[in-house]
Amino acid sequence: GHELLAVNHFGRVRGFELPAPGSRMRPAWELQLLGDTERMVMAGECFIASSPRGEFTDDPSQPGVLLFEPIARSLRPKSGDTRRLAWEQALSSWGVVSALAVSAAADALAVAAGPRLGVFGLACSSDGLRLGDCIWEAPLRFHCQWLRFDQSERLWAGGYRPSAGAESGDW
């Protein structure tokens, strides 16, 4: 409500107070996720992310999705300190996750891994997240890179079709 959160590709989370207390925004606190954070969404006070390749970080690659502990205000470090959030890995058999979306009610998580798309039940509480069963799954005719639940809870997906014979995924 009164904060701006920024996450970089290396998994550093910075929290900024809004409105900014001075003429220049400075982080009020920082947290650390796993490195090589590619896809990122929030459910309640919990991050859900992918960290597929472990590139340019000390953290190894992690297929599937990562469910992080809540960033409750009482647990946030003071400015200058950085605490690493605890996490659990889920859906590792899905491989590299290419898109994520959380429903407005935070009771469903959509996950895409290339041409594979699934929607899972999601339980969000002050204790953290619990990923439920797969509610729906479908193969796509394209590689999904973007997902969004709209106000009617319809799921929208966008991506690209790889060029025939292009091993690099040339769009």
Side-chain angles (χ1 to χ4, degrees), residues 1-92 96-113 119-132 144-159:
H2 299 291
E3 290 180 306
L4 171 67
L5 303 181
V7 183
N8 69 18
H9 188 69
F10 299 108
R12 182 60 59 111
V13 180
R14 291 181 173 95
F16 298 88
E17 294 177 5
L18 293 177
S23 61
R24 187 173 180 165
M25 291 184 78
R26 297 190 192 283
W29 52 269
E30 295 186 20
L31 294 169
Q32 182 65 46
L33 307 175
L34 284 181
D36 192 26
T37 302
E38 277 198 11
R39 306 296 186 234
M40 173 78 53
V41 292
M42 283 195 82
E45 288 216 355
C46 298
F47 287 106
I48 302 170
S50 70
S51 181
R53 294 177 184 86
E55 293 180 332
F56 308 110
T57 72
D58 293 333
D59 296 317
S61 63
Q62 300 288 339
V65 296
L66 307 170
L67 308 171
F68 289 90
E69 70 176 298
I71 56 169
R73 207 173 242 302
S74 62
L75 299 176
R76 291 181 184 155
K78 295 180 177 159
S79 184
D81 294 333
T82 303
R83 187 174 65 84
R84 189 174 189 104
L85 286 177
W87 54 275
E88 291 182 18
Q89 185 179 19
L91 305 177
S92 60
V96 175
V97 169
S98 55
L100 294 169
V102 173
S103 64
D107 61 357
L109 174 68
V111 179
V119 177
F120 296 82
L122 186 65
C124 180
S125 72
S126 60
D127 294 330
L129 296 174
R130 186 177 51 78
L131 194 62
C144 186
Q145 297 285 287
W146 175 83
L147 291 169
R148 184 176 189 281
F149 285 99
D150 68 14
Q151 293 174 341
S152 302
E153 293 298 314
R154 289 178 296 192
L155 180 62
W156 293 82

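Nothing here was measured: the structure is a model prediction, and the numbers come from that model.
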Roughly how far, to the nearest 0.5 Å, is [atom2] of [Y] from [atom1] of [X]?
{"X": "Leu85", "Y": "Leu67", "atom1": "CG", "atom2": "CG", "value": "12.5 Å"}
{"X": "Ser50", "Y": "Gln62", "atom1": "OG", "atom2": "CD", "value": "11.0 Å"}
{"X": "Ile48", "Y": "Leu131", "atom1": "CD1", "atom2": "CG", "value": "7.5 Å"}
{"X": "Asn8", "Y": "Thr37", "atom1": "CG", "atom2": "OG1", "value": "7.5 Å"}
{"X": "Glu45", "Y": "Ile71", "atom1": "CD", "atom2": "CD1", "value": "5.5 Å"}
{"X": "Arg39", "Y": "Ser98", "atom1": "CZ", "atom2": "OG", "value": "6.5 Å"}

More than 12 foreign heavy atoms under 6.0 Å from [atom1] of [X]: is that the case here?
{"X": "Gln89", "atom1": "CD", "result": "yes"}
{"X": "Asp150", "atom1": "CG", "result": "yes"}
{"X": "Trp156", "atom1": "CH2", "result": "no"}

Please give me the minimum heavy-atom distance between [X] and [Y], naming the atom from each residue.
{"X": "Ala99", "Y": "Gln145", "answer": "CB-C, 3.7 Å"}
{"X": "Cys46", "Y": "Gly128", "answer": "SG-CA, 3.9 Å"}
{"X": "Val102", "Y": "Ala43", "answer": "CG1-CB, 4.1 Å"}
{"X": "Pro27", "Y": "Arg14", "answer": "CG-CD, 3.9 Å"}
{"X": "Asp59", "Y": "Gly35", "answer": "OD2-N, 2.6 Å"}
{"X": "Val119", "Y": "Ala108", "answer": "CG1-CB, 4.1 Å"}

Should [X] and [Y] count as side-chain neighbours, where that means a heavy-atom distance under 4.5 Å?
{"X": "Leu33", "Y": "Phe10", "value": "no"}
{"X": "Asp36", "Y": "Phe56", "value": "no"}
{"X": "Met25", "Y": "Leu4", "value": "yes"}
{"X": "Met42", "Y": "Leu5", "value": "yes"}

Parallel, tilted or perpendicular, as decided by the 30° and 60° cut-offs, for the rings of Phe68 and Trp87: tilted
side-chain contact (heavy atoms from CB on, under 4.5 Å) between Ser103 and Glu153, intermediate numbers included: CA-CA 7 Å; Ser103 64; Glu153 293 298 314; 3.1 Å; yes
For Glu30, the option from Arg83, Arg84, Arg12 that meets salt bridge (Lys or Arg N to Asp or Glu O under 4.0 Å): Arg12
Do [X] side-chain atoms and [Y] backbone N/O form a donor-acceptor pair below 3.5 Å?
{"X": "Glu69", "Y": "Ala86", "answer": "yes"}
{"X": "Ser92", "Y": "Gly64", "answer": "no"}
{"X": "Ser152", "Y": "Arg154", "answer": "no"}

Check: Trp29/Glu3 side-chain N/O donor and acceptor closer than 3.5 Å: yes
Phe47 and Met40: CA distance, side-chain angles, deciding distance, side-chain contact (heavy atoms from CB on, under 4.5 Å) verdict: CA-CA 7 Å; Phe47 287 106; Met40 173 78 53; 3.1 Å; yes
Step-by-step side-chain contact (heavy atoms from CB on, under 4.5 Å) determination, His9 to Thr57: CA-CA 10 Å; His9 188 69; Thr57 72; over 6 Å; no
